[in-house]
Amino acid sequence: MQLSLYNTLNRKVEPFIPIEEGKALMYCCGPTVYNYAHIGNLRTYLFEDILRRTLEYNGYDVRHVMNITDVGHLSDDGDEGEDKMVKSAREKGKTITEIADMYTQAFFQDTDALNILRPTISCKATDHVTDMIALIERLEAKGHTYTAGGNVYFSIDTFPRYGELARLKVEDLQAGARIVVDPNKRNPMDFVLWFTQSKFANQAMVWPSPWGVGYPGWHIECSAMSIKYLGETFDLHCGGIDHIPVHHTNEIAQSEAATGKRWVNYWIHGEFLINETGKLSKSKGEFLTLSYLKERGYHPLDYRYFCLGGHYRSQLVFSWQALDSAKSARERLVKQVLALKGEAGSPSLTLSEGGRSYIETFIGHLNNDLNAPRALATIWTLLKDEELASDEKLALLYEADKILGLGLKDVKEEIVVIPEEVQALVDQRLEAKAAKEWAKADELRVIVEEMGYSLKDTSEGTIVTKICNQNSR
RNA sequence: GGUGCCGUACCCAAGUGGUAAGGGACAGGUCUGCAAAACCUCUAUUCACCGGUUCGAAUCCGGUCGGCACCUCCA
């Protein structure tokens, strides 16, 4: 079945047709490494991972490039702000490089834990300043730039299609409604390609350039690096929905103005994770990181499962209750896999007609603009199908998990080391049970539970498991 | 002021013209000394509200109310 994706450029679901048959060239906007990623940021990488895995499942050789932004963004205080990297370094008493390395590492720790496949190429902005300068020079040579107040600006009036992606009507925008307009700009929508006039003192990260010592503007890195690694026209560009009006709009302007070619064929944007009060933010309310979720007793894949339950183009409402549901569902799924493994031993090597139809339905949903919730529902339906043998169910789950990425192939029974004193109590309880001293047996159960272990009496004997952290509010 | 999205059961959430997926929770049942687990069953005559188009609407059109995001670094 043909893979179709919603293309922001045309605002509709379109069949995916790559530039080169069998290949998919994909660029994803990566993190600014000045702080930990919050779970909303991670939702976007999760959706991109589903996209990548779906492309690969469809047989495409995916070249997946992601930038690591370690320079050049202002903090949220508008023009009075400070470079986020510099600020973070100052606050933590570290060098900028240390900060970048630390948060880059933390980022990949999170994405690894979520089973997000690493990009084919991840590239740091600071390693590509010469590429950015070269691109600005191309723009300059074609007359798309001007210098004012020491900075190099992109002139949007030289690019008639400006704002096409976001469907901006330039004349209707209230420039400066929320920030002070830079008086050097000819058009309020113009943006800086290269700064030499630092807006903040002691700018630590500067490079020599034809326009003077300075640092690159906020958008140029993505254009420079994507063109370098994917070419002047490539297939897919992904990111959060917030990037449409400014970041991606500006990227398109500078890239296409420089090359004179169509830059990206498919723009794929993920919606936000929100909570009951609206958008998640790094500055207000709880700063929800994956580590925090882990502290509260959730497995990283509980969060992956949670995100799979909503469509990537819809806002998803985060709540602890919703995450609890995902946790219960994922744990049940894991138990089912374990049970199937026990029954079947190994997955079936061939599929019946019925089995094949499930996998077709499954991939059909994903190929229809990544409908992961439907795909997931197919899994549950399949598990309930009495016509299917265990080994076939297992094979189907493994197959589906190539895209779902829930690590189903790797699940194992948890081996719990039981402390001697707990084991002694368990043994005492068994004796009590044998003697039908139920009151005593129940009393011992309570004691053991208070020590953090739960007991299950089965036909095979008593099973002792460690009680996980309680995580309801 | 501009742009876009959304309102589906107790909660999360699919479905965008053919008669309401899935998960969680709850309840009942089987099993069990009890409990837990597992499994089974049940939960929306109805999709914010009003009107229209249609043989047929949660889905399309118009209006009303409510919520959210973006236009500023942001996933």
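Chain letters run A, B, ... following the sequence lines, proteins first and then strands; every chain starts at 1.
In this structure, A:Arg429 and A:Pro245 both approach RNA chain B, and ranking their closest nucleotides by distance from the 5' end singles out A:Arg429. Residue A:Ser314 is the one, among A:Ser314 and A:Ala326, whose nearest nucleotide of RNA chain B lies closer to the 5' end (criterion: closest heavy atom).
Between the C1' atoms of B:C39 and B:A48, the separation comes to 38 Å (whole Å). Here, B:C73 and B:U16 have their P atoms 36 Å apart, quoted to the whole Å. Nucleotides B:A36 and B:C60 place their P atoms 46 Å apart, quoted to the nearest Å. Comparing the same atom, P, in B:A38 and in B:A44 gives a spacing of 25 Å after rounding to whole Å. Taking the P atom of each, B:G15 and B:G33 are spaced 47 Å apart, rounded to whole Å. Across the P atoms, B:A57 and B:C47 are found 11 Å apart, a figure rounded to whole Å. Atom name C1', nucleotides B:A21 and B:A14: the rounded distance is 6 Å, in whole Å. Look at the C1' atom in both B:A27 and B:G67: the space between them is 32 Å, to the nearest Å.
Within the 4.0 angstrom heavy-atom criterion, only backbone atoms of the sugar-phosphate kind lie near A:Gly239; the bases stay farther away. Residue contacts shown for A:Lys436 are absent, as no nucleic acid heavy atom lies under 4.0 Å away. If you check every strand for non-hydrogen atoms under 4.0 Å, A:Gln336 touches sugar and phosphate atoms only. At the heavy-atom level, A:Arg330 lies nowhere under 4.0 Å from the strands shown.
Taking atom NE2 of residue A:His365 and atom C1' of nucleotide B:A13, one finds them 14 Å apart after rounding to whole Å. Distance NE2 (A:His243) to P (B:C70): 12 Å, rounded to an integer number of Å. Between the CD atom of A:Glu48 and the P atom of B:A75 there is a distance of 11 Å, rounded to whole Å. Distance A:Arg332 CZ to B:G22 P: 12 Å, rounded to the nearest Å. Rounded to whole angstrom, the span from the NZ atom of A:Lys12 across to the C1' atom of B:G4 amounts to 18 Å. Protein atom CZ of A:Arg11 is 8 Å distant from nucleotide atom P of B:C5, rounded to whole Å. Atom C1' of nucleotide B:C12 and atom CG of A:Leu376 are separated by 12 Å, given to the nearest angstrom. In this structure, CD of A:Glu221 is placed 14 Å from C1' of B:C74, rounded to the nearest angstrom.
Candidate nucleotides B:C68, B:G33, B:G24 were compared by shortest atom distance to the side chain of A:Gln315, and B:C68 ranks first. Residue A:Ile274 has its side chain nearest to B:C68 when only B:C68, B:C73, B:G22 are considered. Distances were taken from every side-chain heavy atom of A:Ser325 (C-beta onward) to each of B:G24, B:A75, B:G22; the shortest belongs to B:G24. Checking B:C73, B:A13, B:A75 against every side-chain atom of A:Leu316, the shortest atom distance belongs to B:A13. Comparing B:G15, B:A38, B:G23 against the side chain of A:His311 picks out B:G15 as the nearest. Side-chain proximity of A:Asn371 to the nucleotides B:G22, B:A37, B:G15 is greatest for B:G15. Checked against B:A75, B:G23, B:A14, the side chain of A:Pro373 finds its nearest nucleotide in B:A14. Closest to the A:Tyr305 side chain, of the nucleotides B:G23, B:A14, B:A13, is B:G23. Nearest to the side-chain atoms of A:Tyr45 among the listed nucleotides B:A75, B:G23, B:A37 stands B:A75. The A:His247 side chain lies nearest to B:C74 when the options are B:C39, B:C74, B:G22.
Judged by centroid separation below 5.5 Å and plane tilt below 30°, A:Phe272 does not stack onto the base of B:A69. Stacking between A:Trp438 and the base of B:G33 is present: ring centres sit under 5.5 Å apart and the planes differ by under 30 degrees.
With respect to the salt-bridge test (charged N to carboxylate O, under 4.0 angstrom), the residues A:Arg52 and A:Glu48 do not qualify. A salt bridge links A:Asp369 to A:Arg313: one of the charged nitrogens lies within less than 4.0 Å of a carboxylate oxygen.
Using a 4.0 Å cut-off, some side-chain N or O of A:Lys384 falls inside it from OP1 or OP2 of B:G23. One finds no side-chain N or O of A:Lys433 lying less than 4.0 angstrom from the OP1 or OP2 phosphate oxygen of B:G33.
Counting distance only, with no hydrogens placed and no angle test, the side-chain atoms of A:Arg313 and the base atoms of B:C5 include no donor-acceptor pair under 3.5 Å. For a distance-only test at 3.5 Å, the side chain of A:Arg374 qualifies as a donor-acceptor partner of the base of B:A14. A donor N or O paired with an acceptor N or O is found under 3.5 Å between the base of B:G33 and the side-chain atoms of A:Asp442.
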Exercise for the section: Taking Watson-Crick and G-U wobble pairs with both distances under 3.5 Å, convert RNA chain B into its dot-bracket string, 5' to 3', dots for unpaired and | for cross-strand pairs. Expected result: (((((((..(((.....[...)))..((((.......))))......(((((..]....))))))))))))....
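Although no hydrogens or angles enter the test, the distance criterion places a donor-acceptor pair under 3.5 Å between the side chain of A:Asn41 and the main chain of A:His38. In this structure, the side chain of A:Lys440 does not engage the main chain of A:Gln428 through any donor-acceptor pair within 3.5 Å. At least one donor-acceptor pair under 3.5 Å links the side chain of A:Arg304 to the backbone N or O of A:Leu404. Remark: the backbone N or O of A:Ile116 is not paired with any side-chain donor or acceptor of A:Tyr45 at under 3.5 angstrom. Using modelled atom types, one side-chain atom of A:Asn67 and one backbone atom of A:Gly30 make a donor-acceptor pair closer than 3.5 Å.
Taking the six-membered ring where the residue is Trp, A:Trp263 and A:Phe234 present perpendicular rings, their angle passing 60° and hence far from 30°.
Separation of the A:His311 and A:Tyr6 ring centroids does not fall under the 6.0 Å cut-off.
Two residues are said to be in side-chain contact when any heavy atoms from C-beta on lie closer than 4.5 Å; A:Leu383 and A:Leu333 meet this criterion.
Here the closest non-hydrogen pair linking A:Trp207 and A:Trp194 is O-CZ2, 3.5 Å.
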